[in-house]
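Notes to accompany the following structure.
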Amino acid sequence: MQTPLVEMKGISKSFPGVVANDDVNLVVHAGEVHALLGENGAGKSTLMSILTGLYRPDKGEIYIDGRKVNFRSPRDAITSGIGMVHQHFRLVAPFTVTENVALGLKGGLRLNLNKLAQEIEDISNDYGLEVDPKARIWQLSVGEQQRVEIIKLLYRQAKVLILDEPTAVLTPQEARDLYLTLKQMAVRGCAVIFITHKMQEVMEAADTITILRAGKTVATVEKSETNEEELARLMVGRELAGIMDKPKAKKGDNALEIKNLEVLNDKGLPAVKGISLSVTSGEILGIAGVAGNGQRELAEAIAGLRTYQKGTITVEGKKLVKGNPLEVINAGIGYVPEDRLGTGLVPNLGAVDNLILKEYRRPRWGKTLINNRAVRLWARKLVESFDVKMAELDAPVKMMSGGNLQKLLLAREISAKPSVLVAVYPTRGLDVGATETVYRLLLEQRSKGMAILLISEDLEEIFRLSDRIAVMYEGKLMGLMDTKNAGVEDLGMMMAGVKRMGVGA
Amino acid sequence: MAVSSATRSFIRWEKRLQPSRIMSVIVPVVSVILALIIGAFFLSATGFEPLKVYEKMFNGAFGSRYGISETIVKAVPLMLAGLGISVAFRMLLWNIGAEGQLYMGAFGASWVALTFPQLPAYIMLPAMFFAGCLMGGLWALIPAFFRAKWEVNEVITTLMLNYVAIFWVDYLVYGPWKDPEGFNFPLTASFSEAATLPTIFGTRVHLGLIFALVSALVLAVILWHTRWGYEIRVIGESARAAHYAGINIKRNIMLVMFLSGALAGLAGMSEVAGIAHRLQHGISPGYGYTAIIVAWLAKLHPFMIILVSFFFGALIVGGYSVQISGVPAATVSMLQGAILFFLLGGELLTYYRIRFGPKVGDVNGK
């Protein structure tokens, strides 16, 4: 067999508290479209950051075309013919396509933009990357901007092209065009690596697939020799331990009811495409799914932070006005946002000021003047009963650890006694101890009759906490089932968009 | 993408976990000293003895009863405008329009004084007070509205409205409001006795000082003891968190800008009623701009603004007193500019520290 174009051997990389890559191997040949498949946090991005010289591995070796390389910086990687299209494009909006390609080119002071424009046109004709060299970036659609990024790499004669979740921002038609381009590039002798967690994308575009899970290489398989079921199992398939150690739910009436909800994302594209669900008091409904499938938009719509196109959200029989956070708070919805520090908490204010973030307008703290002493006393009690550790009550909360921040946030949200709590990735980035505390708090509130909507990408968490599980994929519910009837494999398939079942509640 | 060179450097800026408290005291003091040193170079280059000039400035500002009272007189509009600016800045509303709001406040107060000259003082002065605040506040509401409604950058709009306000006052004092007995000078007729702010201790120091001190106190109470103040602080620190907490950001933009403009307008009112006793061309020599420096130097704290205003008042008065001996009038502006320059540069030290030696133990390395 020929020498692989890219070979990564025994790559390990750890960050404080996390092992992102643990003895990872990756072999990519010229002429091949290679998919790097895995859940969020599986170590895909870290691995590619190492290949592009952004990070240096703790251990392991990289060979390009059989030659051992040691990248000190991204520039070294570019010189070796490795280029990456990031999820967030690195383009200068007011510049033309040609000017953007010219940026960072080596050579003298002279710059022949006309010649460059001609060369860009040649490349775009060659590879079917239709784009006007004289257009300014801000005039282009997201798909066209992505083509500019690819042209940039091709112009620099990159042999290895890495794309980070390239279809996340594309329409289905644009995605199909992109697959063709990728194949075209492979045919010309490039190696294409793309990071993804979408099964359909893998099956459509990849020749070879390497699956990462929890920082380790699980397998490298040829597409022709595998199927979606196997991939799903490889991607998620872990043993789930200690699931059912929670008391039986005392289900009550529907506390939160969502009907036919349609929400747009920041780019104005549909992110939630007609979701209906209900959560009864005393139950936890877990929404599983890979991040970026509309969960954030769903949560923000419920919290009043985002308006929606269609549908209704009802809390205890009362229909909510869209896009009004104050009404949501008053209706009795607590919200633990994904972005703890910045949305959920004010980084530069102290614990006291953060605890009264929603409470401050209640008359019990005074009509116009706030009774600071009473507030402090109350805050101190909350901090103690939720065991939040901090240097001092008035120190900026951004100094606190992630676990304590989340405890502080939960202390505020729970103490307001909402009838519904929406928790988005509540344990992301927390250590084991803090995670356990969060679980305990959520389960406690469940037994007190709170209706909890838990959005998470951690299947173990979903299984442990939820009474029912729904799976979200590309803005839709792929399935909704009782936890006891749910199998890991089914969930994995639904998360990857392969299978639907049991929707209709 | 060229991050490689930075990783090998031996002098680095490192972000502090928390802004340094010591630095936030040292930096302003050192800024002033450095500015004086820089000023000394220019003074000696133009043939003056810097120490003598500074001594003269100090004596001019503090050396006599008259000097001190003049320092206070100059400090009053800086306090009021500075307080106004600080409350807007706290919400990250960059109100550069205090100068124009001051002029509109002066206009409002003058309108009352000139239109109803027969009013007794106990009606006249409150009416002028409210007219001044109202006009200043309304003037600030224009950019506030555009900012709240369409996110129009308030830096540009407040700044441009300054010129409109200044020219509006000029139009009045050169035209319809010109005093027929004023030998063609651009000023209105003198206000009636009732429209004059009482003075203190037989000096030119007027009731405006009390306005400023009370305003600072009220502002401090608002900021740290009321719901509204809490909202202002939260919005300033994190608009996203404010939105999440159900705080109405747009309404607060309008309210805070009104308050900001009203305080600057009050400065204008106290200038016409306390000092000039009439509306005239150039009623403010740029108080509204100097007050930006004041607010910034004071870190937006109401009580610090009072203190810093005294210092800047002294700088202005000291500047006047050395002009007689031929020192250029621009010296004071230069010193002010130099102070701000060093202050902004030094600000970096409160948030970052300088580290020497190669980078170790960072996220990317081992």
Side-chain angles (χ1 to χ4, degrees), chain A residues 13-16 49 52-56 58 71-78 84 90 104 300 303-305 323-330 335 337 339 341-349 353-354 356-362 365-372 375 391 395-396 398-399 412, chain B residues 1-9 15-21 24 90-92 217-252 255 299-300 350-351 358-366:
Chain A
K13 174 76 187 171
S14 42
F15 297 108
S49 296
T52 50
L54 218 55
Y55 295 152
R56 299 182 70 177
D58 298 341
F71 295 149
R72 290 168 177 281
S73 74
R75 187 165 287 278
D76 292 350
I78 292 169
M84 178 153 175
R90 266 77 160 164
E300 287 182 354
L305 297 175
N324 186 336
L326 184 55
E327 164 143 354
V328 169
I329 294 166
N330 291 336
Y335 180 47
D339 169 34
L341 201 59
T343 301
L345 297 164
V346 188
N348 282 321
L349 295 183
D353 280 341
N354 269 297
I356 59 164
L357 192 60
K358 292 175 174 175
E359 187 77 11
Y360 78 97
R361 53 172 80 83
R362 303 228 170 148
W365 307 118
K367 258 192 136 90
T368 316
L369 290 178
I370 294 180
N371 183 346
N372 282 340
V375 169
K398 66 176 176 195
M399 312 277 295
R412 184 185 69 214
Chain B
M1 282 217 193
V3 289
S4 59
S5 60
T7 55
R8 280 165 218 150
S9 74
K15 198 159 173 42
R16 292 176 194 269
L17 281 172
Q18 207 175 359
S20 159
R21 286 202 186 145
S24 63
R90 218 167 247 285
M91 237 182 76
L92 310 187
L217 199 67
V218 170
L219 209 54
V221 171
I222 288 178
L223 280 175
W224 288 290
H225 296 276
T226 68
R227 285 193 213 171
W228 184 32
Y230 178 75
E231 291 188 352
I232 295 173
R233 286 188 293 134
V234 170
I235 295 171
E237 288 292 350
S238 171
R240 265 183 301 152
H243 182 52
Y244 159 78
I247 294 172
N248 189 332
I249 296 176
K250 291 186 174 180
R251 198 187 66 186
N252 271 303
L255 284 174
K299 307 252 177 227
L300 311 184
T350 34
Y351 297 104
K359 204 168 193 175
V360 281
D362 64 316
V363 183
N364 296 347
K366 288 204 180 177

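Chain naming here is simple, since letters A, B, ... match the order of the sequence lines and numbering starts at 1 in each. Treat the numbers as computed from the prediction; the structure is a model and nothing was measured.
- For residues 224-241 of chain B, the set of pairs meeting the salt bridge (Lys or Arg N to Asp or Glu O under 4.0 Å) definition, not counting sequence neighbours, comprises Asp339(A)-Arg240(B), Asp353(A)-Arg233(B).
- Only the side chain of Leu349(A) comes within contact range of chain B, with heavy atoms under 4.5 Å apart.
- For the pair Arg361(A) and Tyr230(B), the minimum side-chain heavy-atom distance is 4.5 Å or more.
- Looking at Ile222(B), there are no atoms closer than 4.5 Å to chain A (heavy atoms on both sides), in backbone or side chain.
- Contact annotation for Ile329(A): only side-chain heavy atoms (C-beta onward) come within less than 4.5 Å of a heavy atom of chain B.
- Inter-residue side-chain proximity for Trp228(B) and Ile370(A) is flagged as unmet; no heavy-atom pair is nearer than 4.5 Å.
- Between chain B and the residues Ile356(A), Val346(A), Val328(A), Asn330(A), the most heavy-atom pairs under 4.5 angstrom are made by Ile356(A).
- Shortest non-hydrogen contact noted between Pro325(A) and Tyr244(B) is CB-O, 4.0 Å.
- Contact of the Val221(B) side chain with the Leu369(A) side chain is registered, since non-hydrogen atoms from C-beta on lie closer than 4.5 Å.
- In terms of non-hydrogen atom pairs under 4.5 Å with chain B, the most contact-rich of Leu357(A), Val375(A), Leu326(A), Leu345(A) is Leu357(A).
- With chain B as the partner, the residue from Asn324(A), Asn354(A), Thr368(A) showing the most heavy-atom pairs under 4.5 Å is Thr368(A).
- The distance from atom CG of Asn372(A) to atom CH2 of Trp224(B), rounded to the nearest 0.5 Å, is 11.5 Å.
- Remark: side-chain polar atoms of Ser238(B) are paired, donor with acceptor, to backbone N or O of Gly342(A) under 3.5 angstrom.
- Between chain B and the residues Gly344(A), Gly53(A), Ala303(A), the largest count of heavy-atom pairs under 4.5 Å involves Gly344(A).
- A heavy-atom distance below 4.5 Å is not found between the side chains of Thr343(A) and His243(B).
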